[in-house]
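Below: the structure, in structure tokens.
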Number of protein chains: 2
Amino acid sequence: MDMHQVEQPDGTAAQDMINPGLLKATLNREGFRLTVQRQKILTLFKEKASRHHLSAEEIHQYLGEQGEKISVSTVYRALHVLVKLGLLQELELAEGRKYYELKSPVWQQHHHLVCVQCGDVQEFEDDAMTEVTAQETQNRGFALLNGQFTVYGLCPHCQPQANG
Amino acid sequence: MDMHQVEQPDGTAAQDMINPGLLKATLNREGFRLTVQRQKILTLFKEKASRHHLSAEEIHQYLGEQGEKISVSTVYRALHVLVKLGLLQELELAEGRKYYELKSPVWQQHHHLVCVQCGDVQEFEDDAMTEVTAQETQNRGFALLNGQFTVYGLCPHCQPQANG
DNA sequence: TTGGTTGCAAACATTTTGCACCGGA
DNA sequence: TCCGGTGCAAAATGTTTGCAACCAA
């Protein structure tokens with residue numbers, strides 16, 4: 001039904017996958033091929049480290065600006081593959097479109113605080129949450145793939161003029 | 001940018017809103033009107049208590065089966081209003097479409113454990129998480145609207161034949 | 001009576017897919 | 001060489017919107 005996938009089998013961190021050799025090996029292992037496009041996309045995530053939630057549209061645009069002509073459909077297909085390989089994680093941050101980020105291990109999960117007014121996104125981690133996640137899934141016999149906690153609110157800036 | 005909204009001003013539980021009188025008052029208070037369609041939709045959420053995550057499409061279909069002819073656009077518009085009034089909460093459970101459920105107070109938030117294979121959804125509550133939510137938002141000066149934690153995994157049933 | 005509400009169809013936005021050609025292993 | 005990947009355009013989904021008729025307050 002979708003593309004969530006387990007951790008890297010060998011525990012390799014997603015960040016390392018920008019290394020072409022490692023990336024190639026990981027792709028080939030599953031019958032996929034290393035292509036310029038896939039490499040460029042993954043590299044983009046590293047470059048945009050500061051603002052690392054990217055939508056397919058943004059990726060397409062950024063690469064275009066960098067002179068890389070890559071079609072939208074290829075972006076989508078590449079994202080699916082990278083998610084399936086466990087290199088990227090899909091986020092449900094905003095309305096109507098999906099965002100992606102380099103996937104971090106389950107025990108390093110971080111969460112998002114979204115301002116519904118201006119769209120600002122802040123991240124936070126919390127050990128208690130990580131533990132709850134592990135415990136709940138275990139209690140119910142689920143095999144944990146990943147979890148995402150998204151809190152919606154109004155940021156300090158938007159509170160004054162808020163409420164409609 | 002979207003329709004998240006604060007708690008019922010008077011603390012009335014969303015469940016009570018199926019009462020036509022209360023619903024009417026709540027709607028009117030904000031300049032909205034009580035219509036058969038809105039009533040039917042809200043009632044549907046009560047009926048489907050056991051499986052109370054409904055998408056616009058499902059709502060439209062269920063009502064159709066019950067002989068209520070209501071257009072899709074009306075369903076969408078009604079959902080927006082009900083969310084804005086704080087009676088329903090929007091969920092980001094699955095791919096590409098939104099789900100809705102009767103909204104529970106922030107201090108009674110519950111979360112979702114989704115099987116990515118069969119789509120089964122289980123709920124759980126956890127005080128620690130509620131507290132983390134409150135704390136994080138406070139630390140950053142955010143006004144909390146609501147939060148949703150969605151954990152993806154494989155349910156016991158789907159684990160054997162899983163992995164592709 | 002007034003102005004919010006509805007249904008319908010057309011418009012939108014995002015994502016997926018069919019197909020011929022291209023290119024990695 | 002073989003088969004997966006790409007680009008393009010068309011199609012599929014999910015959601016929104018313009019407009020005339022309608023109805024709650």
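Fair warning: this is a prediction, and the values are worked out from it, not measured in the lab. Residue numbers begin at 1 in each chain, while the letters A, B, ... track the order of the sequences.
A distance of 6.0 Å or more separates the ring centres of A/Phe124 and A/His112.
Each of A/Asn28, A/Leu85, A/Leu34 was scored for a side chain to side chain contact (heavy atoms under 4.5 Å, CB included) with A/Leu23, with one residue passing: A/Leu34.
The nearest heavy atom of DNA chain D to B/Gly96 and to B/Phe32 marks one nucleotide each, and the one closer to the 5' end goes with B/Gly96.
In this structure, a donor-acceptor pair under 3.5 Å is absent between the side chains of B/His110 and B/Gln108. A donor atom on one side chain and an acceptor atom on the other are not found under 3.5 Å apart for A/Glu131 and A/Gln135.
Between A/Gln37 and the phosphate of D/dG7, there is a side-chain N or O to OP1/OP2 separation shorter than 4.0 Å. Regarding contacts with the backbone of C/dA25, a side-chain N or O of A/Asn28 is found under 4.0 angstrom from either OP1 or OP2. Proximity of A/Arg97 to the phosphate of C/dT14: a side-chain N or O atom is located under 4.0 Å from OP1 or OP2. Taking side-chain N and O atoms only, B/Thr74 has a distance below 4.0 Å to OP1 or OP2 of C/dG7. Proximity of A/His80 to the phosphate of C/dT16: a side-chain N or O atom is located under 4.0 Å from OP1 or OP2. Using a 4.0 Å cut-off, some side-chain N or O of B/Lys24 falls inside it from OP1 or OP2 of D/dA25.
Distance B/Ile59 CD1 to D/dT15 C1': 13 Å, rounded to the nearest Å.
In the interface, the side chain of A/Arg77 is not paired with the base of D/dG4 through any donor and acceptor atom under 3.5 Å apart. Judged by distance alone with a 3.5 Å cut-off, a donor-acceptor contact links the side chain of A/Ser73 to the base of D/dC8.
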